[in-house]
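Quick note on labels: first sequence line is chain A, next is B, and so on, each numbered from 1. Everything quoted here is computed from the prediction, not taken from an experiment.
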Protein chains: 2
Amino acid sequence: MDPTPTRQRIIDAADDLFYRQGFEHTSFADIAASVGLSRGNFYYHFKTKDDILDAVIVKRLADTRALLDQWEFAGRNPADRIRAFIHILIANQAKIMAHGCPVGTLCAELSKLDHGAQDQANRLFTLFRTWLARQFALLGRDDGDDLALHLLALSQGVATLANAFRDKAFVDREVRRMEAWLDASLADATPAPI
Amino acid sequence: MDPTPTRQRIIDAADDLFYRQGFEHTSFADIAASVGLSRGNFYYHFKTKDDILDAVIVKRLADTRALLDQWEFAGRNPADRIRAFIHILIANQAKIMAHGCPVGTLCAELSKLDHGAQDQANRLFTLFRTWLARQFALLGRDDGDDLALHLLALSQGVATLANAFRDKAFVDREVRRMEAWLDASLADATPAPI
DNA sequence: TCCCTTCTAGGTCACCCGTCCTACTCCCCT
DNA sequence: AGGGGAGTAGGACGGGTGACCTAGAAGGGA
């Protein structure tokens with residue numbers, strides 16, 4: 001029998017296609033072909049396209065929470081956990097160079113569409129933000145949220161430029177720069193200049 | 001008579017709509033309504049939608065070159081010119097919080113669409129990149145391109161998060177951080193940690 | 001005056017989209 | 001054996017899309 005139910009297979013396929021092609025540019029036919037189902041049958045599982053988007057965002061939120069929990073468990077200290085975050089740029093380098101950051105590009109697209117799911121998608125950012133802020137707070141920084149946003153912004157920008165220039169060396173350089181910045185931030189009692 | 005020819009008015013309207021709504025989500029009807037023309041008449045000015053996109057990118061390239069030339073002329077030294085770049089985040093703050101960076105969001109969308117105009121759009125990034133790299137080089141840095149990409153990446157990320165969180169204070173903080181980083185980069189003979 | 005270029009309005013065309021309906025198959029439960 | 005729910009296939013629908021055509025208005029030059 002089928003190990004994963006059809007509904008989940010639809011969500012997985014939509015997740016991947018929304019990432020690679022964008023939400024608006026992905027049609028029911030695309031998802032149907034990817035899953036191997038007939039087009040019209042989707043109505044049984046999802047009433048509208050927005051319902052699929054909601055399900056995809058819920059899945060991404062769950063996946064992200066699981067990822068953060070894993071880092072929380074595996075990292076011996078907050079600094080190592082932050083390094084784990086920085087290293088998604090390396091781990092997902094090929095995908096990021098091909099399609100950008102899944103979170104950033106989705107939020108940007110929904111903003112252009114003035115879509116009602118914007119707030120839900122932005123919660124993906126918030127997940128990383130609060131998690132990073134807590135790690136910095138555990139390191140004794142009282143400006144944890146500020147540092148979290150800064151690191152998040154830099155990684156977003158690296159993803160955007162990596163997508164545009166497809167430059168592997170650039171990503172590697174920026175990752176090293178972030179690691180050096182992290183070390184400097186921890187060494188200083190007072191906040192570093194950047 | 002009309003001060004600006006119709007073709008230019010179409011390009012201007014498309015430029016604005018592509019920025020606010022995205023390229024794919026903007027239809028001929030949208031542009032026609034914005035300009036005040038009939039729908040079918042577009043074929044006379046532009047054969048295809050891609051032709052309009054090309055014209056919009058050409059216009060943005062020209063506008064960007066003019067902006068960089070203005071900074072080149074007005075800035076007393078390279079450091080002031082780089083500060084002018086940093087301050088577009090303040091000057092265009094409202095638009096950026098509403099719709100993100102025009103360059104970054106366009107390149108990201110064209111990447112998802114696998115559109116043939118990707119390379120042309122990426123030249124917008126290259127314009128800023130080479131200009132910034134030259135300013136850093138004039139300041140005696142031999143890693144001007146690296147610094148240029150870093151500053152470009154950070155400003156892209158700030159635009160992305162500003163669009164998601166609509167947080168004015170965050171943008172102001174990051175601008176101050178960039179200014180402090182610039183000052184530190186100039187003071188050091190050796191490259192700063194970040 | 002008449003022509004000819006430039007520009008415009010309005011409409012048509014085929015296509016694809018999201019949505020929705022109905023008939024059918026399969027399989028579990030009684 | 002038979003009933004019923006879950007899941008599927010295929011197609012129909014209205015609407016919007018980019019693309020395209022044609023008739024005609026406007027205006028300057030010969």
Side-chain angles (χ1 to χ4, degrees), chain A residues 1-58 106 109-110 112-118 120-121, chain B residues 1-58 106 109-110 112-118 120-121:
Chain A
M1 67 170 284
D2 200 349
T4 49
T6 303
R7 184 189 160 86
Q8 193 57 44
R9 281 164 53 219
I10 292 176
I11 295 174
D12 292 343
D15 183 21
D16 183 55
L17 287 170
F18 289 172
Y19 176 40
R20 280 164 33 211
Q21 308 184 358
F23 168 67
E24 192 178 30
H25 194 241
T26 299
S27 68
F28 275 72
D30 292 333
I31 307 173
S34 176
V35 179
L37 283 181
S38 72
R39 205 175 329 120
N41 193 22
F42 272 87
Y43 188 69
Y44 178 78
H45 298 278
F46 295 96
K47 296 298 179 191
T48 68
K49 195 179 176 184
D50 288 348
D51 287 344
I52 302 186
L53 177 61
D54 285 341
V56 166
I57 294 177
V58 166
L106 178 65
E109 181 179 3
L110 296 184
K112 299 267 177 199
L113 303 184
D114 200 19
H115 196 284
Q118 275 180 79
Q120 272 288 95
Chain B
M1 68 170 283
D2 198 347
T4 48
T6 303
R7 184 188 160 87
Q8 192 57 46
R9 281 165 55 220
I10 292 175
I11 294 174
D12 292 345
D15 183 21
D16 184 54
L17 286 169
F18 288 172
Y19 176 39
R20 280 164 34 211
Q21 308 184 359
F23 168 68
E24 193 176 30
H25 194 242
T26 299
S27 69
F28 277 75
D30 292 333
I31 306 174
S34 176
V35 178
L37 285 181
S38 73
R39 208 172 327 120
N41 192 21
F42 271 87
Y43 189 68
Y44 177 77
H45 297 280
F46 296 96
K47 296 296 178 191
T48 68
K49 196 180 176 185
D50 288 347
D51 287 345
I52 301 185
L53 176 61
D54 286 340
V56 166
I57 294 177
V58 166
L106 178 65
E109 180 179 3
L110 295 184
K112 300 265 178 200
L113 303 184
D114 199 19
H115 196 285
Q118 274 180 80
Q120 272 287 96

Starting at [atom1] of [X] and ending at [atom2] of [N], how long is that distance when rounded to a whole Å?
| X | N | atom1 | atom2 | value |
| --- | --- | --- | --- | --- |
| B:Ile10 | C:dA9 | CD1 | C1' | 14 Å |
| A:Tyr43 | D:dT8 | OH | P | 17 Å |
| B:Phe42 | D:dC21 | CZ | C1' | 17 Å |
| A:His115 | C:dG18 | NE2 | P | 12 Å |

Does any non-hydrogen side-chain atom of A:Ile52 lie less than 4.5 Å from one of A:Phe18? yes
Is the phosphate of [N] approached by [X] (side-chain N or O, under 4.0 Å from OP1 or OP2)?
| X | N | value |
| --- | --- | --- |
| B:Tyr44 | C:dC7 | yes |
| B:Thr6 | C:dT8 | yes |
| A:Ser38 | D:dG11 | no |

Rounded to the nearest 0.5 Å, what separation is found between the [atom1] atom of [X] and the [atom2] atom of [Y]?
| X | Y | atom1 | atom2 | answer |
| --- | --- | --- | --- | --- |
| B:Thr48 | B:Phe42 | OG1 | CZ | 12.5 Å |
| A:Tyr43 | A:Asp51 | OH | CG | 10.0 Å |
| A:Ile10 | A:His45 | CD1 | NE2 | 4.5 Å |
| B:Asp16 | B:Ser34 | CG | OG | 7.0 Å |
| B:Asn41 | B:Arg39 | CG | CZ | 11.5 Å |
| B:Ile31 | B:Lys49 | CD1 | NZ | 7.0 Å |

Please evaluate residues A:His25 and A:Asp30 with respect to the criterion side chain to side chain donor-acceptor pair (under 3.5 Å), reporting the C-alpha separation (whole Å), side-chain torsions for both, the decisive distance (0.1 Å), and the verdict. CA-CA 9 Å; A:His25 194 241; A:Asp30 292 333; over 6 Å; no
The correct set of residues in residues 22-37 of chain B placing a heavy atom under 4.0 Å from DNA chain D is B:Thr26, B:Ser27, B:Phe28
Would you jot down, in residue-number order, the residues of residues 45-56 of chain A having a non-hydrogen atom under 4.0 Å from DNA chain D? A:His45
On DNA chain C, nearest-nucleotide positions of A:Gly40 versus B:Arg39: which is more 5'? B:Arg39
Indicate yes or no for a side-chain donor-acceptor contact from A:Glu109 to the backbone of A:Leu106 under 3.5 Å, with no hydrogens or angles considered. no
